[in-house]
Structures are given as structure tokens and as C-alpha cells.
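What follows is a short report on a single structure.
The analysis underlying the following values was restricted to heavy atoms, covering all of them including side chains, and did not include hydrogens, waters or symmetry mates.
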Amino acid sequence: MDSTSEIMTLLRAARALLGLSQDQLAERAGVSRQIVVRIEKCEGNVLVDAIGKVRSALEAGGVVFIEGNADRGPGVAMIRPAGTKLIDQT
């Protein structure tokens, strides 16, 4: 990811993908709910270690963080389960 603030913004989107409440994510990450709130508000006084714990909890739930490039910004997606195929919609 390009910056800590971009990562912090993506963590909220990732939580939404998993359908987790802030309390549920905090429990999975081993941090307080207040830390999750501060991360999602992109507050500057959050330890990098706490951000890493939250990100790891989301990745363990199946979230993938996608790097940005010249054409688009960074994003999040869900891992496709093994054996799942794309449906040709043409």
C-alpha cells in the first residue's frame, strides 16, 4: 500500500466485506473497539502494530488488499474459494 492512511481507509471497507461489526473485528484482532474506531477515522495516533493486527484479522477472514497503480487506487476483495470458476456472462 502507498501510505498508512490508505491502509486505514481500506480496513473499514474490508470489515464491511466480511459483514463484521467493530466489536467483532476488535475481538478477532485482539485490540479494543476504540482502536478499530480510531483506525477507521484515520486518526494519526494509532500504533502501526494495532493496524497490523486488524489487517491480519481481516486477511484471516478472506480479505485481500490490492495495491493501487497508475490507473486506479488501492482496494479490497474477497479470496475466491478453491474450485470456484467465473461464469461467462457474454
Side-chain angles (χ1 to χ4, degrees):
M1 296 288 126
D2 295 329
S3 71
T4 302
S5 63
E6 283 182 336
I7 292 169
M8 292 169 79
T9 300
L10 291 175
L11 293 178
R12 182 174 184 172
R15 178 175 65 82
L17 273 177
L18 293 177
L20 297 175
S21 69
Q22 290 175 332
D23 288 321
Q24 290 169 319
L25 177 55
E27 184 176 325
R28 287 185 182 195
V31 300
S32 70
R33 180 185 173 278
Q34 189 58 35
I35 292 293
V36 173
V37 169
R38 288 171 44 203
I39 288 170
E40 291 185 356
K41 288 184 176 182
C42 295
E43 292 184 6
N45 57 348
V46 179
L47 296 175
V48 174
D49 181 57
I51 295 169
K53 287 179 179 181
V54 171
R55 180 176 176 161
S56 293
L58 292 165
E59 289 173 330
V63 171
V64 177
F65 291 85
I66 303 167
E67 296 285 336
N69 61 32
D71 297 323
R72 58 163 175 72
V76 292
M78 293 296 296
I79 293 173
R80 182 176 293 122
T84 304
K85 296 182 180 181
L86 291 176
I87 299 171
D88 186 9
Q89 296 182 2
T90 56

Open item on the list: Walk me through whether Phe65 and Leu58 qualify under side-chain contact (heavy atoms from CB on, under 4.5 Å).
Closed with: CA-CA 10 Å; Phe65 291 85; Leu58 292 165; 4.3 Å; yes
Give a yes or no answer on whether the side chain of [X] reaches the backbone of [Y] with a donor-acceptor pair at less than 3.5 Å.
X: Glu27; Y: Gln24; answer: no
X: Arg55; Y: Leu11; answer: no
X: Arg28; Y: Val54; answer: no

Open item on the list: With clusters defined by side-chain heavy atoms of hydrophobic residues (ILVMFWY) lying less than 4.5 Å apart, directly or transitively, does Val37 cluster with Ile51?
Closed with: no
Task: ILVMFWY cluster, Met78 and Leu10 together (side-chain gap under 4.5 Å) - done: yes
TODO: Indicate yes or no: does Glu40 engage Arg15 in a salt bridge with an N to O separation below 4.0 Å.
DONE: yes
Task: 4.5 Å side-chain heavy-atom contact, Glu6 and Pro74 - done: yes
Open item on the list: Distance check, rounded to the nearest 0.5 Å: Leu17 atom CG versus Arg12 atom CZ?
Closed with: 13.0 Å
- [ ] Would you check, one step at a time, whether the test side-chain contact (heavy atoms from CB on, under 4.5 Å) holds for Val64 with Val76?
- [x] CA-CA 6 Å; Val64 177; Val76 292; over 6 Å; no
Task: Closest contact, heavy atoms only, Ala50 versus Ile35 - done: CB-CG2, 3.7 Å
Task: Minimal non-hydrogen separation, Ile66 against Ala77, with atom names - done: CD1-CB, 3.8 Å
